[in-house]
Amino acid sequence: MAKFTESISFDRRLWRHDLVGSIAHATMLGCIGVLTKAEAKRIVAALEAIGDDIEAGRFTWDESLEDVHMNLEAELTRREPAGAKLHTGRSRNDQVALDMRMWLRDEIVELELELRSLQQALVALGQANDSIVIPGYTHLQRAQPVYFAHHLLAYVEMIERDRERLLDAFSRVNVCPLGSGALAGSTLPLDRNQVAAMLGFEDSRGRPVVSQNSMDAVSDRDFAVEFCFVASLLGVHLSRLAEEIVLWCSRPFAYVRMPDAFSTGSSIMPQKRNPDAAELVRAKAGGVIGALGALLVVMKGLPLAYGKDLQEDKAPVFETAKTLSLSLAAMAGMVSGM
Ligand code: ARG
């Protein structure tokens, strides 16, 4: 049972966000008098010390404690008995929704920068070859001459729309679910706006953004599905460009020469310069699209509110973010050195 239900092996990467969320919650409980100021202060100090230990590799995760939330809470309570009061007015159900939202926010910010880098690499390649004319194709038959830059800038546009979709999704990720409890909220006078403001859940005018319905907040993952969809479409765009690069590297086309750093050889044919990175970008888009499907299917039969099924949101979301980040770096590297 422990092996089957644990999530610590993959959700431990949420530890920073879990600690920051707990620090905000403890601070708020101190302000509304559920914790004394001294207790809140000691809890915050202990949480910060735990963070230092994890950072330094001095923390041992325990599978029997199931997930990142229980591991951190158990350690907190070992160090600071008042830590047992931290979970007042909070459940793992709103806590995990919070952590996922904060983790995704950071990923989106990173991805957005990586998208810009790729756009810049495409523009630079076009600029460096601004007099080069290549055949433009329809039906993969030579159709009309076009500037190579014209062709590259088509991808800059696609990626620009992916960027816009990502930033649009951010506004729905950036909603604070704390205060929802297990599903029915709390009778304590929790200051949800204070927690939201402390954690950066604010709209463009700096007003705190909190979820409106506690049952919705703990049981939907549409914000994660949306991220996976935006990622899938981006994956499709990257895969199309990757396919073109594979063609352009191939002898009958021979439009580009792949930089050495992104060419691979063969153990038996020393003349080969294989475009492995482009092929992998093309293939890995399949995994990203698959993750979107997996997440949608996990969600489709779930009654309100939380069900353990929702723990299965993590692998698709984590894998998607990691794969995209690597694919974008590989693509930018290929384009820059092409
Ligand atoms: N590890 C769980 C998840 O990722 C955390 C929430 C667990 N809540 C519960 N009631 N069992 O979804």
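For the numbers below, each heavy atom of this structure counts, side chains included, while hydrogens, waters and symmetry mates do not. All residue numbers refer to positions in the sequence shown, counting from 1.
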Can you list, pair by pair, the side-chain donor-acceptor contacts under 3.5 Å of residues 168-183, counting residues two or more places apart and other chains?
unit_1	atom_1	unit_2	atom_2	d
Asp168	OD2	Arg172	NH2	2.8
Ser171	OG	Asp168	O	2.7
Arg172	NE	Glu226	OE1	3.0
Arg172	NE	Glu226	OE2	3.0
Arg172	NH2	Glu226	OE2	2.6
Asn174	OD1	Arg105	NH1	2.8
Asn174	ND2	Glu202	O	3.3
Ser180	OG	Pro177	O	2.7

Would you list the atom pairs, donor with acceptor, under 3.5 Å between side chains in residues 301-308 and any protein atom, with sequence neighbours excluded?
unit_1	atom_1	unit_2	atom_2	d
Lys308	NZ	Glu66	OE2	2.6
Lys308	NZ	Gln311	OE1	3.0

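Of the residues listed (Arg42, Lys85, Lys41), the one engaging Glu80 in a salt bridge (Lys or Arg N to Asp or Glu O under 4.0 Å) is Arg42, and it is the only one.
Formation of a donor-acceptor pair under 3.5 Å by the Ser211 side chain with backbone atoms of Ala217 is not found in this model. When atom types are taken as modelled, the side chain of Asn129 and the backbone of Ile132 share no donor-acceptor pair closer than 3.5 angstrom. Side-chain N or O atoms of Glu319 include none that pairs as donor or acceptor with a backbone N or O of Pro316 at under 3.5 Å. No side-chain donor-acceptor contact under 3.5 Å links Ser239 to the backbone of Gly235. Side chain of Asp203 to main chain of Arg205: a donor-acceptor pair is present (N/O by atom type, distance under 3.5 Å, no hydrogens or angles). No side-chain donor-acceptor contact under 3.5 Å links Asn93 to the backbone of Val218. Distance alone, capped at 3.5 Å, places no donor-acceptor pair between the His150 side chain and the Gly136 backbone.
Of all heavy-atom pairs spanning Met258 and Pro275, the tightest one is CE-CB, 3.9 Å. Closest of all the heavy-atom pairs between Arg221 and Leu310 is CG-CD2, 3.7 Å. Listed here is the closest heavy atom pair of Leu14 and Lys314: CD1-CE, 4.2 Å. Between Cys228 and Leu295, the shortest heavy-atom distance links the atoms SG-CD2, 4.0 Å. Residues Leu86 and Ala26 share a closest heavy-atom pair of CD1-CB, 3.7 Å. What you find for Ile245 and Ala278 is that their closest heavy atoms are CG2-CB, 4.0 Å.
Rounded to the nearest 0.5 Å, atoms CG (Leu118) and OG (Ser336) are 8.5 Å apart. Distance check: Leu76 CG to Leu72 CG gives 8.5 Å after rounding to the nearest 0.5 Å. For the atom pair CG (Asp313) and OG (Ser7), the distance works out to 9.5 Å, reported to the nearest 0.5 Å. Between Glu73 atom CD and Thr77 atom OG1 the span is 5.0 Å, to the nearest 0.5 Å. Residue Phe10 holds its CZ atom at 9.5 Å from CG of Asp67, rounded to the nearest 0.5 Å. The SG atom of Cys249 sits 10.0 Å away from atom CZ of Arg257, with the distance rounded to the nearest 0.5 Å.
Judged by distance alone, the side chains of Ser9 and Glu6 do bring a donor and an acceptor atom under 3.5 Å apart. Of the N and O atoms on the side chains of Asp11 and His69, not one donor lies less than 3.5 Å from an acceptor on the other residue. At a cut-off of 3.5 Å, with distance as the only test, a side-chain donor of Ser22 or Arg90 sits close to an acceptor on the other residue. No hydrogens or angles considered: nothing links the side chains of Gln119 and Tyr155 as a donor-acceptor pair under 3.5 Å. With hydrogens and angles left out, the side-chain atoms of Glu244 and His151 include a donor and acceptor closer than 3.5 Å.
Salt bridge status for Asp18 with Arg13: absent, with no side-chain N to carboxylate O gap under 4.0 Å. Salt bridge annotation for Asp260-Arg273: present, with a cationic side-chain nitrogen under 4.0 angstrom from a carboxylate oxygen. Salt bridge present: Glu160 and Arg163 bring a charged side-chain N and a carboxylate O closer than 4.0 Å.
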Exercise. Yes or no on side chain to side chain contact (heavy atoms under 4.5 Å, CB included) for Asp162 and Leu233, after CA distance, side-chain angles and deciding distance?
Worked result: CA-CA 7 Å; Asp162 291 326; Leu233 198 45; 4.2 Å; yes
For this session: Take Leu111 and Phe227 through the side chain to side chain contact (heavy atoms under 4.5 Å, CB included) test and state the conclusion after the steps.
Result: CA-CA 11 Å; Leu111 270 178; Phe227 172 75; 3.7 Å; yes
Problem set entry | Intermediate values then yes/no, side chain to side chain contact (heavy atoms under 4.5 Å, CB included), Leu98 and Phe201 | CA-CA 10 Å; Leu98 174 78; Phe201 288 99; 3.5 Å; yes
Problem set entry | Derivation and outcome, salt bridge (charged side-chain N to carboxylate O under 4.0 Å, His left out), residues Arg240 and Glu243 | CA-CA 5 Å; Arg240 292 184 74 181; Glu243 165 64 6; over 6 Å; no
For this session: Start with the C-alpha gap between Leu29 and Leu190, add the side-chain angles, then the distance that decides, and say whether side chain to side chain contact (heavy atoms under 4.5 Å, CB included) holds.
Result: CA-CA 7 Å; Leu29 290 180; Leu190 304 175; 3.9 Å; yes
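Counting heavy atoms from C-beta on, the side chains of Met102 and Arg16 never come closer than 4.5 Å. Put simply, the side chain of Val133 does not reach to within 4.5 Å of the side chain of Val146, judged on heavy atoms. Between Val68 and Trp61 the shortest side-chain heavy-atom distance falls below 4.5 Å. In this structure the side chain of Val288 never reaches within 4.5 angstrom of the side chain of Val236, judged on heavy atoms. You'll find the side chain of Gln95 stays beyond 4.5 Å of the side chain of His25, heavy atoms only. By the 4.5 Å heavy-atom criterion applied to side chains, Arg161 and Leu166 are not counted as neighbours.
More than 12 heavy atoms of other shown residues, nucleotides or ligands fall within 6.0 angstrom of atom CD in Glu114. Within a 6.0 Å radius of NZ in Lys284, no more than 12 heavy atoms belonging to other residues, nucleotides or ligands are found.
Leu167 and Ile159 are not part of a single hydrophobic cluster, where members link through side-chain heavy atoms under 4.5 Å apart. Transitive grouping of hydrophobic side chains (ILVMFWY, heavy atoms separated by less than 4.5 Å) brings Met338 and Leu152 into a common cluster.
Relative orientation of the Phe253 and Tyr137 rings is tilted, given thresholds of 30° and 60° on the angle between their planes.
Checked against the 6.0 Å centroid criterion, the rings of Phe148 and Trp248 qualify as a close aromatic pair. For an aromatic pair to be called close, the ring centres must be under 6.0 Å apart, and Trp103 with Phe318 satisfies this.
With Phe223 as the aromatic partner, Arg101 meets the cation-pi criteria of under 6.0 angstrom to the ring centre and within 45 degrees of the ring axis.
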